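The structure appears right after this line, and notes come after that.
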Amino acid sequence: MRLPFKITFWKVVLVIIWILGIIAAVIRFTKGLGASTNLSDQFPWGLWIGFDILCGVGLAAGGFTIAAIIYVFHIKRFYPILRPTILTAFLGYLLVIFALLFDLGQPWRIWHLLIYWNPHSVLFEVGWCVMLYTTVLALEFSPIIFESLGWGTPKKWVGKVIIPLVIAGVILSTLHQSSLGSLYLIMPEKLYPFWYSSIIPFLFFLSAVAVGCAMVIFESHLSYRAFGHRLRMDLLADLGRVMLVTLVVYAILKIQDFSGRGVWSNIFINRSETYLFWLEAIIGIIAPIVLLAIKRVRLSERGLYYASIFTIAGFLLNRLNIAVTGMEASAGVSYFPSWMEISITLAIVATGFFVFSLAVRYLPIFEHAESDSKPAKTITNSKEVPIIKSR
Amino acid sequence: MTKPKALLIDVTKCIGCMACYYACKEANKLPETEKVEEDLSATNYTVVKETDGVFYRKLCMHCNEPTCASVCPVKAFEKTPEGPVIYHDKKCIGCRYCIQACPFDVPAYEWKSNKPLVKKCTMCAQRQKEGKITACAEACPTGATYFGDREELLAEARKRIQENPGQYINHIYGEKEVGGTSVLIISSIPFEKFGFRADLIEKPLSDLTWEIMSKIPNYVVVSGVFLYGIYWIINRRMELSEYNKSKNRDSSEDKN
Ligand code: SF4
Ligand code: SF4
């Protein structure tokens, strides 16, 4: 409202992206995958798996991290960022599933996962975890809807099962975040040695935790700029510490892994994988570790913001390196997504932003946070005291 | 019990006549193309190619522990006891993990179709049921592609290698690769020259994922208990400290 010009500009961009996306979608579903993508028998997984799925799921990892911090570890002061994080995660998973419908050759058969089981397949496990975790997220999100509708009773019901729900969410998340990496365990002869590793599930999990925190910081900054919501630097700086620790552990594991497999000799070979690997290591690991390790930077709005952007960019590069770059040599072909693949991906991302901003505007996501810290406390007090007295 | 069948391909006997290629097209009712297809595809399950004057074939290896069957989330691939790895097209959701994961780059997708399926050699499973041998082996005029019991063919391959040391390299491709396959190849030149992967491990590739996957049930139980334990311990402590606080408050109020 305040800046009608800017809003119009973004609206125009959004509409253009959507139009392109819809055209691409029509081609995808009338002419098939061959006509709409640059995929082939040599390169069967491209941008949609690499970005929409591998990156999408990772970027939504803040949901289980924050939920665990608040409910399992009882660090209640993080409560103000719970709702925006759950919103992002829920939205993220819905979009991932939506994106999958474009990539699957026969999306109308997606329910086959429910009836034909193959417990040996990593993809089977990922599918089930994503399905169940999206349900968990829907339930974790539901109180926000109930609240805005003024339905007290169902909100209370969810409150009663929130602990088991959050624990289930954490287990499901650790499983599928790491399993997205395990998808590649079976291809030792295909994935380039910088990325193939028997510890790839652990690396995927750690990087998901780091990027989950980075996304929370990033979003908080965006909504601070767009809507003027208060920036909780005290909380975000703590997330910065979680990120730092996670990234350091990640770096150590990666170094050990390189030594164990004797990959060091490869790191100066003149090939595109080397450059992309270095780019990934520098912006995704080294830069954020350096930034976050300096206390002054970590505690500054700007420093933390940049550290989170580096982490996110490095993460995206890592997943795309694994899904695309690292596969090209063994596939013997080079792959670059078609405009239709790109348009559909962009349209999905744009939809994410759009729905997020609508939700923030019409649902008690942030307002709740600001007026909340007191009621939350009185509730816990009134609950705890009787329990003790009744003994 | 049926003994597992196999194909023995002896590239030294192959004359490049393409009889197997055409027989395969006919048996599987695949469309004839104007030009000979150079690659495996959704309309072509085998190729005959030449390197350094040696003719060789490429087709699905019908692995004993197929990677494709292991990765498929809906179990669309199945290794039959008779040898063929068959595809249940009604189950397939089109995730293409099989194409991505197959170490021999075999499965192909119907990219042009709107209801695409995965396509590959069936080792003539249907013909075998009718008591016939594969169309390619039947068509081969020199016995370069030969159909039989896997055990017997392995013995035969070993015999040929031993009896003609100059003529063959000492390696039966498919005897041990990724846990063994139902297509066995012997050759006069190294298999890398045909573009076959020489770096394949000897245990099934599915073992690599199973090492992790098999731990999942354990993980779920242990971490469930662990996380609930953390919740419970911290919760209890906080209750106690609240309780102590309020007690202190009470007693100090009493004094007043
Ligand atoms: S060669 Fe590939 S497609 Fe054929 S059985 Fe083995 S893994 Fe499956
Ligand atoms: S494409 Fe079909 S057959 Fe291949 S792994 Fe996916 S569901 Fe299974």
Side-chain angles (χ1 to χ4, degrees), chain A residues 29-35 37 39-42 44-45 68 71-74 103-107 109-110 112-113 115-127 163-164 166-168 170-171 174-175 178-179 182-183 185-190 198 201 327 331 380-381 384-385 387-388, chain B residues 39-42 67 69-76 88 90-101 103 105 107-118 197 199-201 205-206 208-213 216 219-220 223-224 227-228 230-231 234-235 237-240 242-243 246:
Chain A
F29 284 110
T30 53
K31 299 247 155 71
L33 283 166
T37 69
L39 299 173
S40 62
D41 290 335
Q42 288 70 41
W45 282 1
Y71 289 110
V72 179
F73 296 98
H74 293 264
D103 187 76
L104 287 182
Q106 304 224 24
R109 288 181 174 176
I110 192 168
H112 282 189
L113 274 177
I115 53 165
Y116 302 118
W117 288 26
N118 181 8
H120 282 261
S121 165
V122 182
L123 200 56
F124 167 79
E125 186 224 317
V126 171
I163 299 297
V166 167
I167 291 180
V170 173
I171 296 175
T174 40
L175 282 180
S178 55
S179 291
S182 308
L183 284 177
L185 278 177
I186 207 158
M187 306 176 221
E189 74 290 343
K190 295 198 176 180
S198 52
M327 284 292 177
T380 44
N381 277 345
E384 276 160 9
V385 176
I387 292 173
I388 310 282
Chain B
D39 262 317
L40 300 185
S41 74
T67 311
S70 153
V71 299
C72 177
V74 293
K75 259 198 179 152
H88 301 286
K90 296 263 157 20
K91 292 185 178 177
C92 175
I93 58 174
C95 68
R96 311 186 298 284
Y97 195 7
C98 51
I99 308 177
Q100 178 76 288
D105 303 315
Y109 207 49
E110 293 180 318
W111 296 101
K112 295 202 179 84
S113 163
N114 232 339
K115 284 186 190 160
L117 295 170
V118 176
R197 288 202 164 88
D199 54 353
L200 293 174
I201 56 173
L205 288 172
S206 48
L208 297 174
T209 30
W210 191 239
E211 275 166 25
I212 295 271
M213 294 287 288
I216 288 179
Y219 168 79
V220 169
S223 63
L227 287 169
Y228 197 81
I230 294 183
Y231 160 76
I234 303 182
N235 195 36
R237 275 209 202 147
M238 288 172 67
E239 280 177 2
L240 283 179
E242 278 297 319
Y243 176 66
S246 60

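The sequence lines fix the lettering, A, B, ..., with proteins before strands; numbering per chain opens at 1. Values below: all heavy atoms of this structure, side chains included; hydrogens, waters and symmetry mates excluded. Predicted model, so just to flag it, every value in this text is computed and none were measured.
In terms of heavy-atom proximity, V71(B) sits nearest to N118(A) at C-ND2, 4.5 Å. Scanning all heavy atoms of the two residues, the minimum distance from I234(B) to V72(A) falls at CD1-O, 4.0 Å. Closest approach of L40(B) and D41(A) over heavy atoms only: O-OD2, 4.3 Å. Taking both residues in full, the closest heavy atoms of S182(A) and I212(B) are given as OG-CG2, 4.2 Å, listed atom of the first, atom of the second, then distance. Residues L123(A) and C95(B) come closest through the heavy atom pair CD2-SG, 3.6 Å. For the pair A101(B) and I186(A), the tightest heavy-atom approach, listed with the atom from each and the gap, is CB-CG2, 3.9 Å.
Once rounded to the nearest 0.5 Å, the distance linking CD1 of I167(A) with OH of Y231(B) reads 8.5 Å.
Both the backbone and the side chain of N114(B) come within contact range of chain A, each with at least one heavy atom under 4.5 Å from a heavy atom of that chain. Contacts between P44(A) and chain B at a heavy-atom distance below 4.5 Å involve backbone atoms as well as side-chain atoms. Of the atoms belonging to L183(A), heavy atoms from both backbone and side chain fall under 4.5 Å from chain B. Contact annotation for A69(B): only backbone heavy atoms (N, CA, C, O) come within less than 4.5 Å of a heavy atom of chain A.
For Q106(A), the side chain to side chain contact (heavy atoms under 4.5 Å, CB included) partners are W108(A), R109(A), K115(B), P116(B), L117(B), not counting sequence neighbours.
Side-chain contact annotation: Y97(B) with S121(A), donor-acceptor N/O pair under 3.5 Å absent.
Under the 4.5 Å side-chain criterion, counting only non-hydrogen atoms from C-beta, R96(B) is in contact with L39(A).
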